[in-house]
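Notes to accompany the following structure.
In what follows, chains are A, B, ... by sequence order, proteins preceding strands, each numbered from 1.
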Protein chains: 2
Amino acid sequence: MSAGDRDDGPRTLKTVTMASRVIDAVRERGGVGVSELATQLEVSKSTAYIHLKTLEENGLLVQRDDRYELAFEFSVLGESARNRSPLYRYGKPKVDELADETGQYTHIVTEENGRGINLYQVKGETGVDGDYQSAKLQQRDHLHYTASGKAILASLPRDRVAEIVDRHGLPAQTANTITDRETLFDELETIRDRGYAYNDEEEIEGFCAIGVPVRNPDDDVLGSLSVSAPAQFMRDEQARERLSERVMRSANVIEVNINMSS
Amino acid sequence: MSAGDRDDGPRTLKTVTMASRVIDAVRERGGVGVSELATQLEVSKSTAYIHLKTLEENGLLVQRDDRYELAFEFSVLGESARNRSPLYRYGKPKVDELADETGQYTHIVTEENGRGINLYQVKGETGVDGDYQSAKLQQRDHLHYTASGKAILASLPRDRVAEIVDRHGLPAQTANTITDRETLFDELETIRDRGYAYNDEEEIEGFCAIGVPVRNPDDDVLGSLSVSAPAQFMRDEQARERLSERVMRSANVIEVNINMSS
DNA sequence: TAGTTCGTTCGAAATAGTCGAACGACCGAA
DNA sequence: TTCGGTCGTTCGACTATTTCGAACGAACTA
């Protein structure tokens, strides 16, 4: 084995980690062949082969057109994971409602391992078309350049935020992305005071968003509710004010519904 | 090892198969502890432990309240899997539309390994509330007792259907479920003639549904589009006729859109 | 037809997984 | 408080498993 064998923390099963890398490679490339995977993961063809076959036997991959792709089984597992989240269960109807009323893209985001995960989103009537919808839902995002992410960060203890920034950094996405640690902490302060996070074209040029945290009775943050709209729309102070009030109200209703259920 | 070591067909990685069983157990129980998993899978505590830890390290499980649960990562992978399906991409807007117009539950289903997978569904205005929605989306269903499933089976070659029936059987779900092989083949014939499948309370008592296959230019079936409604509603011949025409029309539009894209 | 590339199979070398015992932490009962 | 039970966790040793590379036929290209 190569020199730099890093300690993965606890003892782990290398074969399982390898399988996980296989799954990741299949997702990234949208399907792989045996030789291709062997090259990408730097293992022998026979190893790549047996991994793919094993995952296929277990229903996690399927062969389509001579390539191995992710099985729909993942969509079953994904639904299972989502549905355990009260934020998803109680938030989904509110997202539908908000998207309907505002006509804009509306999302629910939660945090996992320091990244934002888009649990659900709806494109409202006036929402711009394109690959935006499917692209976002497939993606784990950094938390510092989205309104949803910043809303979550603002509700997390300071040292947790520091930990996340250490781990994932603050890469720029547009010219407006916050890439400085101190600026970020100041921004989070502002968000706490104001009650909502504002994304000023920090992720996508021409797009702004408003994000509001959703908390449980113990004040742990479960995630956030957000609405994004063209910069043009958001530049109108009044519209923005109205919209933020609206999102805060919905987030609050979600919180109440979650609290009543437990 | 125990006596009955069956040949899994091709050579496979036992550690990966074990990991897959772990994931399945976690899903089934909605979260597990170390000892609990060890008992369920009949392995030592230390083995259960290292498997859970490895999957956690790889972002596939998370610890919540002293239990290991499925990570939202699965929801990312699931979206990825779904979005590769043209049936999903082109069918989703039509499902939304149909649910809106009919006010009933509307779904898109596809087949994988002889089972039906619910790719997307929407509860229309008049759709009954309850756990039905989330329950269905989490589930792989047998194909023989749903309208969507029968529509798919009717579009598959006869020997493929036989294979599926051999593998998964024809378990009864209600008194109306088709449990006899010959009856099923006759029904599939009827479906082909009629152009749509009808579920007459075969899955859930009080619920009927209409399912229509969606095929690609090569005449392979990609899945089906279906609408379910209370038995009361469906007993009205005229309503049923109108609805089936409507579903067939939408399915056809989906087909056309898919074909134009390739 | 010769030269690639692909996926697939196999035996043997080398690595990695499993077990069971043992520990400290935690919880509830006595 | 103290005891017995359970929990998750760690470790070394035995053993089973994974990995590799070579070799094959099929499919495709030149």
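The ring-ring contact (aromatic ring centres under 6.0 Å, His included) check on B:Tyr145 picks up B:His142, with sequence neighbours excluded. For A:Asp166, the side-chain contact (heavy atoms from CB on, under 4.5 Å) criterion is met by A:Arg181, not counting sequence neighbours. In this view, B:Glu163 satisfies the side chain to side chain donor-acceptor pair (under 3.5 Å) rule with no residue, not counting sequence neighbours. Contacts of A:Glu111 classified as side chain to side chain donor-acceptor pair (under 3.5 Å), with partners at least two apart in sequence or in another chain: A:Arg160. Not counting sequence neighbours, the partners of B:Asn113 by the side-chain contact (heavy atoms from CB on, under 4.5 Å) test are B:Arg167. A:Ser35 is linked by a side chain to side chain donor-acceptor pair (under 3.5 Å) to nothing, counting only residues two or more places apart in sequence or in another chain. For B:Ser155, the side chain to side chain donor-acceptor pair (under 3.5 Å) criterion is met by B:Arg215, not counting sequence neighbours. By the side-chain contact (heavy atoms from CB on, under 4.5 Å) test, A:Asn252 pairs with A:Glu255, A:Val256, sequence neighbours left out.
What separates CG of B:Leu13 from C1' of D:dT19 is a distance of 10 Å, to the nearest Å.
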Under 3.5 Å between N/O atoms: give me all the protein pairs with nucleotides 5-11 of chain D, atom names plus distance.
residue : atom : partner : partner atom : Å
D:dG8   : OP1  : B:Val34 : N            : 3.0
D:dG8   : OP2  : B:Ser35 : N            : 2.8
D:dG8   : OP2  : B:Ser35 : OG           : 2.8
D:dG8   : N7   : B:Lys45 : NZ           : 3.1
D:dG8   : O6   : B:Lys45 : NZ           : 2.9
D:dT9   : O5'  : B:Tyr49 : OH           : 3.2
D:dT10  : OP2  : B:Tyr49 : OH           : 2.8

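One end of the helix from C:dT1-D:dA30 to C:dA30-D:dT1 points its axis 40° away from the other end's axis, with each axis taken from 5 pairs and the angle rounded to 10°.
At a threshold of 4.0 angstrom between heavy atoms, the contacts of B:Ser44 include nucleobase atoms, whether or not backbone atoms are also involved.
Other residues, nucleotides and ligands place more than 12 heavy atoms under 6.0 Å from the CG atom of B:Asp218.
Judged as a salt bridge (Lys or Arg N to Asp or Glu O under 4.0 Å), the pairs with a partner in residues 31-51 of chain A (not counting sequence neighbours) are, in order, A:Arg29-A:Glu36, A:Glu36-A:Arg67.
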Quiz item: Using a cut-off of 4.0 Å between protein heavy atoms and nucleotide atoms, how would you tag nucleotides 25-30 of chain D 5' to 3' with B, S and -?
Solution: ------
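Within the structure, every side-chain polar atom (N or O) of B:Thr47 is placed at least 4.0 Å from both OP1 and OP2 of C:dG17.
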